[in-house]
There are 2 protein chains.
Amino acid sequence: MSLPHAILTALLEKPSSGLELTRRFDKSIGYFWSATHQQIYRELGKLEAEGHIRALPAEQPTRGQKKSYEVLPAGRAELARWTASSQDPKPYRDTMLLRLRASAVVGTEGIEADLRRHLALHQQQLAEYQDIEERDFPPGAASPQGRLQHLVLRAGIDLETFWTQWLTHALAEFTELPGENR
Amino acid sequence: MSLPHAILTALLEKPSSGLELTRRFDKSIGYFWSATHQQIYRELGKLEAEGHIRALPAEQPTRGQKKSYEVLPAGRAELARWTASSQDPKPYRDTMLLRLRASAVVGTEGIEADLRRHLALHQQQLAEYQDIEERDFPPGAASPQGRLQHLVLRAGIDLETFWTQWLTHALAEFTELPGENR
DNA sequence: ACGAGCATGTAACCGGTTACATGATTGG
DNA sequence: CCAATCATGTAACCGGTTACATGCTCGT
């Protein structure tokens with residue numbers, strides 16, 4: 001039950017249509033909660049039916065017409081409730097770690113190339129986050145909202161830093177493995 | 001398509017019944033790929049139908065009777081293929097980061113307690129991993145299989161270390177926020 | 001007027017989750 | 001023998017994914 005709350009957050013920051021939300025999910029919020037436009041439309045319908053949001057009274061909503069939504073007080077209250085609620089961290093899932101473990105059994109043939117590819121991807125993502133940090137969070141005092149947003153970005157930066165270091169370490173290990181295991 | 005391969009890996013390490021697999025998923029493999037017994041039974045049925053595993057020829061398999069499986073050559077080949085295949089990293093999803101972002105909009109009322117709770121949980125998990133490392137991976141030379149397994153465990157340790165540090169940092173930020181934002 | 005792209009939406013599927021059912025074994 | 005537990009399994013649901021359909025708008 002996270003997608004509706006992600007949408008409520010995005011709509012509170014700025015009322016938007018479905019496509020606009022999809023684009024914004026490709027950027028900031030999507031960095032740690034991605035969603036496709038189908039998910040977003042489905043969820044917008046539910047949120048409207050529940051009285052959490054409403055379509056902005058512009059034109060009649062026919063197909064192909066832009067339809068913007070804004071958050072109603074009930075929606076804001078629900079988001080506040082959810083934000084403050086106690087939630088267990090989801091168990092972590094990662095296929096690369098799974099494949100590395102499998103490679104200990106069936107051989108490491110072929111996995112090294114994908115480790116390198118992942119390293120490049122994480123380095124790229126790290127650079128993107130660092131650009132955002134430089135641009136949006138220059139050193140110095142910031143508003144409380146800004147500090148919270150910076151905190152979230154730091155998590156992204158530190159996670160990508162971890163992955164680049166770990167993958168580098170993993171690749172170094174591989175060069176030391178005896179030939180028949182590679 | 002990861003669960004069947006996780007099961008193949010576990011079965012290659014040691015032929016097991018459904019319940020035994022469930023227990024082992026609660027431990028080692030489950031640390032980065034959890035599964036319930038219902039998922040595992042469902043998947044065992046599929047894997048058997050595909051000819052990747054077979055039931056060990058013991059007693060006739062009636063309900064309530066233990067039924068152990070072993071991996072067939074086709075299953076091992078499929079696992080090797082999957083392990084060496086190129087796979088994109090899944091976009092990262094985390095509700096705590098989402099909630100923190102939401103709290104920048106609707107207020108941080110109530111979230112601090114859950115940050116503390118998460119910190120305790122991650123510290124606990126970190127301690128568990130470190131115990132395993134001390135017990136199973138003492139300093140010194142190790143087999144290639146051991147080194148790969150150690151690599152995976154290091155990822156778990158480093159991830160939990162990251163979370164404890166980040167949560168500590170986040171809580172420190174909170175104490176500096178002006179009163180109306182807490 | 002028409003094709004490209006914009007915007008919204010339907011449908012089918014798939015893996016993970018939760019609740020529950022049923023047969024076998026074992027301890028009191 | 002009966003309850004508790006072990007072991008396997010069925011069913012319904014839910015969110016995320018993929019493929020496709022349809023209507024509108026705008027540039028040429």
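The analysis underlying the following values was restricted to heavy atoms, covering all of them including side chains, and did not include hydrogens, waters or symmetry mates. Letters go in sequence order (proteins before strands), and every chain restarts at 1.
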Would you mind reading off the distance between A/L21 atom CG and C/dC6 atom P, rounded to a whole angstrom?
17 Å
Counting heavy atoms from C-beta on, name the nucleotide in D/dC20, C/dT17, D/dG16 closest to the side chain of B/Q39.
C/dT17
Round to a whole Å and report the spacing from CD of A/E43 to P of C/dT8.
16 Å
Picking from D/dG15, D/dG9, D/dT17, the nucleotide nearest the side-chain atoms of A/M1 would be D/dG15
For B/K46, which contact category applies under a 4.0 Å heavy-atom criterion: base, sugar-phosphate, or nothing?
sugar-phosphate
Assert: residue with more 5' nearest nucleotide on DNA chain D, out of B/R23 and B/P91, is B/R23
Return the 5'-most residue of the pair A/T36, B/S17 with respect to DNA chain D, ranking by each residue's nearest nucleotide.
B/S17
From the candidates D/dT8, D/dC20, C/dG16, the one with an atom nearest any side-chain atom of B/W33 is C/dG16
Is B/L121 linked to B/L97 within one hydrophobic cluster, defined over Ile, Leu, Val, Met, Phe, Trp and Tyr using a side-chain heavy-atom separation of less than 4.5 Å?
no
Strictly below 4.0 Å, N to O, side chains only: are A/E78 and A/R81 in salt-bridge contact?
yes
Any A/K67 side-chain nitrogen or oxygen under 4.0 Å from OP1 or OP2 of C/dG9:
yes
Rounded to whole Å, OH of B/Y41 lies from P of C/dG23 at a distance of 16 Å
Quickly work out the A/D88 CG to C/dT18 P distance and round it to whole Å.
11 Å
Starting the side chain at C-beta, find the nucleotide from C/dG16, D/dT10, C/dA7 nearest to B/Q38.
D/dT10
Provide, to the nearest angstrom, the distance between the NZ atom belonging to A/K90 and the P atom belonging to C/dG15.
18 Å
When rounded to whole Å, the CG to C1' distance for the pair A/L56 and C/dA7 reads 16 Å
Out of C/dT17, C/dT8, C/dC20, minimum distance to the side chain of B/R42 belongs to C/dT17
Quick test of your reading of the model: are B/E128 and B/K27 salt-bridged, counting only N-O distances below 4.0 Å?
no
Under 4.0 Å between a Lys/Arg side-chain N and an Asp/Glu carboxylate O for A/R54 and A/E70?
yes
Quick check: A/Y31 with B/Y92 (ring centres under 6.0 Å apart)?
no
In whole Å, what is the span from the NE2 atom of B/H37 to the C1' atom of D/dT5?
13 Å
Protein-nucleotide distance (B/E20, atom CD; D/dC6, atom P), rounded to Å
13 Å
Has the side chain of B/R93 got a donor or acceptor atom sitting under 3.5 Å from an opposite partner on the base of D/dG15?
no
